[in-house]
Amino acid sequence: PPAADFAHKMRLTPFRRAASHGYGTRQHYQVLLERLRAYKQHDTRSLTAAEKILAAHSADPSQKITRGSYSHFHPDRVALQDASAQTAILQFLLTGKPASAVPTSVHCDHLIVGSKDGSQADLEKAVANNREVFDFLQSSSERFGLAFWGPGSGIIHQIVLENYAAPGTMMLGCDSHTPNAGGLGGIAIGVGGADAVDVMAGLPWELQVPKMIGVELKGELSEWCSAKDVILNLAGQLTVSGGTGHIIEYFGEGVDKLSCTGMATICNMGAEIGATTSIFPLTDMHTEYLNATGRGDIAQAATDLRTELLTADSGCEYDQHLTLDLGTLEPTLNGPFSPDNATSLSTFSSKARENDWPLPLSAALIGSCTNSSYQDLTRCANLVQQALDNGLHAKVPFFITPGSEQILQTCRRDGILDVFEQAGGTILANACGPCIGQWDRSEMPVGVPNSILTSFNRNFAGRNDGNRDTHNFLCSPELVTAMAFAGTLEYNPVTDPLPLSNGGEFRFQPPTGDRLPKDGFKRPDTIPSANPSANPDADIRVAPDSTRLQLLEPFPAWDGQNRLGLRVLIKMAGKCTTDNISAAGPWLKYKGHLENIAQNTLITATNAEHAELNSVRNHLVPEETYGTIPDVAAAYRDAGVSWVVIGDENYGEGSAREHAAMQPRFLGGVAVICRSFARIHETNLKKQGMLPLTFVNKSDYDLVSSDCIVDLLGLDQLASGSQVELKVHHPDGSHDSVPLKHTLSEMQLEWLRAGSALNSIAAQAKA
């Protein structure tokens with residue numbers, strides 16, 4: 001059916017009306033169960049836990065959900081962080097909708113810079129520097145009925161886990177680590193802002209149904225291992241692209257030995273192996289956590305549906321089946337420069353010497369959305385107290401990031417933060433901070449090779465402090481903490497002693513801690529309403545001369561014809577993440593201003609022509625002239641010359657950074673052609689009206705150079721499953737014909753023809 005008719009039909013399904021029953025209530029669970037039962041009337045297969053939740057959220061339960069095919073869903077809720085929320089809300093404004101159709105929250109966590117000055121000073125500076133953006137987000141939240149969590153309230157994923165995540169539910173988040181909520185037994189998927197706008201506008205959300213990787217956990221973790229070591233080990237096995245197009249579902253006896261927040265850590269870093277999301281079946285640890293966070297009603301309702309809705313059917317099939325014996329895992333460190341470069345602790349020091357990694361440790365950082373739970377911090381505080389009792393203090397700058405105001409206040413009450421501070425630790429604001437490049441590290445000059453240990457989730461070159469020579473090794477917070485007292489990569493806290501001032505030796509005992517606070521969590525004094533009402537009179541202001549915010553103009557529609565005479569802006573070599581396409585750190589302040597943030601487009605991508613950064617040939621100039629990538633792209637656009645980029649494997653891995661698609665589109669790009677894509681980025685390109693194309697034969701990547709002119713043929717007959725021909729014109733007059741493929745569905749083709757998904761939504765709203 002036509003897109004507008006389809007969308008109208010979907011908005012009137014029983015599922016959409018059932019929203020009035022209340023998210024996560026017993027009535028809501030009953031609706032989900034009824035929809036699953038209706039689905040199973042025509043699909044009698046044994047289903048995985050993830051497939052059950054997808055079926056219960058299907059926009060049309062009469063249609064079979066087939067792995068690898070496109071289906072439509074109605075997620076329960078949306079979560080936005082302040083960097084991505086700006087663009088998402090600017091896009092939502094263009095839909096003309098008076099309020100979000102589903103519960104939606106906005107979290108101010110990305111715009112706070114961490115420094116040695118600590119949380120209070122950093123927070124005050126962030127509020128002063130970003131007031132215009134925070135005011136915009138707060139007033140927009142009031143207008144559209146969104147729950148607004150202001151600066152200092154915490155990191156989006158920790159707040160979602162504490163307040164919104166629930167077993168069996170389905171949510172989207174404009175952040176790649178949204179799957180963190182899978183640790184509480186739900187389907188949580190990271191997306192770009194345009195996907196979130198679909199759901200906020202009440203439209204069905206399209207997903208290519210992932211395949212399933214089943215990971216069977218056996219045994220129990222040893223004393224020095226934590227949940228972080230599970231996912232670090234798995235990343236080493238599967239690599240950064242091994243989970244692409246898959247949901248990772250954990251099961252087995254070992255699952256019952258993991259805490260809820262430990263499961264969240266594992267699901268969080270599933271993003272680092274490309275997984276669409278990760279999920280655990282309902283366990284007693286989930287109900288324990290729900291009760292501890294004031295959601296006993298959800299715990300009871302979920303428990304009643306444990307077997308039918310929240311556990312895989314016996315005999316269900318996985319596309320891959322892996323087994324991990326938790327008892328055999330070692331503490332693991334992954335890095336540098338890639339989260340899948342795994343090394344066991346027992347061999348780490350020798351590998352560091354072999355690879356000439358900087359051996360002195362320059363900083364140690366724990367926290368982030370991956371590891372900032374009460375359990376994480378109490379286990380680390382136990383190690384710190386052991387060191388203090390023996391007269392030791394951290395030898396390097398030691399930074400601690402609580403995940404939320406609730407964690408901060410509870411840990412302050414229980415004396416945990418005092419322990420860190422006594423050892424020389426600095427408590428940072430409840431925000432993303434150094435994990436995403438928001439780190440004022442002026443004491444470390446750019447270009448100086450150095451090593452840091454973090455409990456973060458990503459470690460791409462330059463990500464944390466803007467210094468591409470900073471070697472970030474990801475590991476458990478316990479390992480980071482212990483090694484902070486040695487100050488060197490050559491130390492193994494499991495086996496090695498530390499010297500004491502009296503000539504003696506000290507050895508750490510294995511860390512211990514509490515899953516949950518014995519006296520309960522200390523709730524923040526103020527939290528947003530669970531069901532805020534929209535206020536149509538709320539004033540949303542975007543100043544015409546603002547450098548931070550800019551109203552969006554619709555991208556032009558495509559004329560449906562072949563693309564001829566395209567320039568190759570850049571051919572990239574090797575890894576190209578969304579950090580390379582649209583850098584974070586200081587650039588985050590321009591997230592709401594497309595024209596300004598476009599000035600960072602591809603500036604750290606490696607040019608295959610000469611291996612330099614941010615330097616490409618401008619073919620509009622007769623002589624051999626080079627310029628910055630944004631400048632040359634804009635020059636092509638302004639001259640009416642469209643362009644493409646050529647990428648390597650897993651192009652666009654990393655953050656759910658919608659700007660990595662919007663910026664090339666704004667600068668005149670029409671297609672990205674590569675060997676393979678990361679899932680979120682491929683979808684983001686489609687949403688913004690750019691063609692994501694891959695080489696049928698990956699070796700054909702070598703046939704294209706940056707001095708070629710190319711044509712894209714077959715676009716005039718573009719359809720789902722069709723092929724596209726890339727005609728490559730070489731400078732010597734020869735040419736090659738290269739077959740390309742795409743994964744565009746019929747709905748996504750409509751986005752392309754309209755110029756973007758947002759244009760399509762706006763047209764539907766006017767129909």
Side-chain angles (χ1 to χ4, degrees), residues 176 190 192 239-244 271-274 335-341 436-437 457-464 466 468 472 567-585 587 597-617 628-630 632-633 643-667 669-686 688 690-695 698-702 704-706 710 726 740:
S176 58
T239 77
V240 291
S241 60
T244 302
E272 271 53 71
I273 50 182
F337 310 133
S338 189
D340 59 349
N341 184 16
I436 61 165
N457 43 42
R458 290 203 176 114
N459 56 356
F460 305 139
R463 176 178 173 87
N464 303 112
R468 295 178 65 83
N472 179 3
R567 274 292 172 188
V568 176
L569 175 67
I570 181 175
K571 178 181 179 180
M572 286 161 279
K575 185 187 287 285
C576 186
T577 72
T578 49
D579 278 27
N580 299 124
I581 306 169
S582 176
W587 287 97
I597 199 170
Q599 298 309 305
N600 78 1
T601 304
L602 291 164
I603 60 176
T604 61
T606 301
N607 191 331
E609 179 185 351
H610 48 50
E612 294 182 14
L613 304 182
N614 200 24
S615 174
V616 293
R617 173 84 181 276
T628 68
I629 294 175
V632 173
W643 50 265
V644 302
V645 298
I646 307 298
D648 211 321
E649 293 280 10
N650 205 32
Y651 183 86
E653 73 170 275
S655 300
R657 201 160 291 170
E658 184 174 36
H659 289 80
M662 296 182 75
Q663 292 168 216
R665 179 80 161 98
F666 174 76
L667 290 172
V670 298
V672 176
I673 305 165
C674 61
R675 284 173 162 153
S676 65
F677 283 102
R679 176 192 63 85
I680 300 178
H681 185 61
E682 181 180 19
T683 301
N684 284 344
L685 288 169
K686 296 173 182 178
Q688 300 304 328
M690 283 194 75
L691 270 167
L693 301 166
T694 54
F695 295 104
K698 293 188 177 184
S699 60
D700 286 345
Y701 163 90
D702 297 322
V704 190
S705 62
S706 57
V710 300
L726 178 70
L740 305 175

Side chain to side chain, [X] and [Y], heavy atoms closer than 4.5 Å:
{"X": "Pro664", "Y": "Val672", "answer": "no"}
{"X": "Ile273", "Y": "Asp340", "answer": "no"}
{"X": "Cys576", "Y": "Asp648", "answer": "no"}
{"X": "Thr601", "Y": "Phe666", "answer": "no"}
{"X": "Phe695", "Y": "Leu740", "answer": "yes"}
{"X": "Val704", "Y": "Leu726", "answer": "yes"}
{"X": "Tyr651", "Y": "Thr694", "answer": "no"}
{"X": "Ile581", "Y": "Gln663", "answer": "no"}

Steps toward side chain to side chain contact (heavy atoms under 4.5 Å, CB included) verdict (Ser706, Ile570)
CA-CA 6 Å; Ser706 57; Ile570 181 175; over 6 Å; no
Heavy atoms only: give me the nearest [X]-[Y] pair and the separation to one decimal.
{"X": "Ala633", "Y": "Trp643", "result": "O-NE1, 3.6 Å"}
{"X": "Phe337", "Y": "Arg468", "result": "CE2-O, 3.6 Å"}
{"X": "Met690", "Y": "Gly669", "result": "CE-C, 3.5 Å"}
{"X": "Pro339", "Y": "Asn459", "result": "N-OD1, 3.1 Å"}

Quick one: do Thr578 and Phe460 satisfy side chain to side chain contact (heavy atoms under 4.5 Å, CB included)? Show the steps, please.
CA-CA 10 Å; Thr578 49; Phe460 305 139; 5.9 Å; no
Between [atom1] of [X] and [atom2] of [Y], what distance do you get to the nearest 0.5 Å?
{"X": "Arg458", "Y": "Ser338", "atom1": "CZ", "atom2": "OG", "value": "11.0 Å"}
{"X": "Ile436", "Y": "Asn457", "atom1": "CD1", "atom2": "CG", "value": "10.5 Å"}
{"X": "Asn684", "Y": "Met662", "atom1": "CG", "atom2": "CE", "value": "10.0 Å"}
{"X": "Asn614", "Y": "Asn580", "atom1": "CG", "atom2": "CG", "value": "11.5 Å"}
{"X": "Asn464", "Y": "Asn472", "atom1": "CG", "atom2": "CG", "value": "4.5 Å"}
{"X": "Ser176", "Y": "Glu272", "atom1": "OG", "atom2": "CD", "value": "6.5 Å"}

Taking ring-ring contact (aromatic ring centres under 6.0 Å, His included) as the test, write out the residues that go with His659, two or more places apart.
none
Indicate yes or no for a side-chain donor-acceptor contact from Arg657 to the backbone of Ser582 under 3.5 Å, with no hydrogens or angles considered.
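Here the side-chain-to-backbone pair exists.
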Keeping the roles fixed (side chain from Asn607, backbone from Ser615), state whether a donor-acceptor pair exists under 3.5 Å.
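Yes, Asn607 side chain to Ser615 backbone: donor-acceptor pair under 3.5 Å.
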Report the C-alpha distance between Val632 and Leu569 in whole Å, list the side-chain angles of each, state the deciding distance to 0.1 Å, and finish with yes or no for side chain to side chain contact (heavy atoms under 4.5 Å, CB included).
CA-CA 8 Å; Val632 173; Leu569 175 67; 4.0 Å; yes
Stepwise side chain to side chain donor-acceptor pair (under 3.5 Å) check, Glu653 with Thr577
CA-CA 5 Å; Glu653 73 170 275; Thr577 72; over 6 Å; no
Let me know which of His681, Gln688, Glu682 forms a side-chain contact (heavy atoms from CB on, under 4.5 Å) with Leu685.
His681
Before giving the answer on salt bridge (charged side-chain N to carboxylate O under 4.0 Å, His left out), spell out for Lys571 and Glu609 the whole-Å C-alpha distance, their side-chain angles and the decisive distance to 0.1 Å.
CA-CA 7 Å; Lys571 178 181 179 180; Glu609 179 185 351; over 6 Å; no
Do the side-chain N and O atoms of Asn650 and Ser676 include a donor-acceptor pair separated by under 3.5 angstrom?
no
Check the pair Val644 / Val568 against side chain to side chain contact (heavy atoms under 4.5 Å, CB included), numbers first and verdict last.
CA-CA 5 Å; Val644 302; Val568 176; 4.2 Å; yes
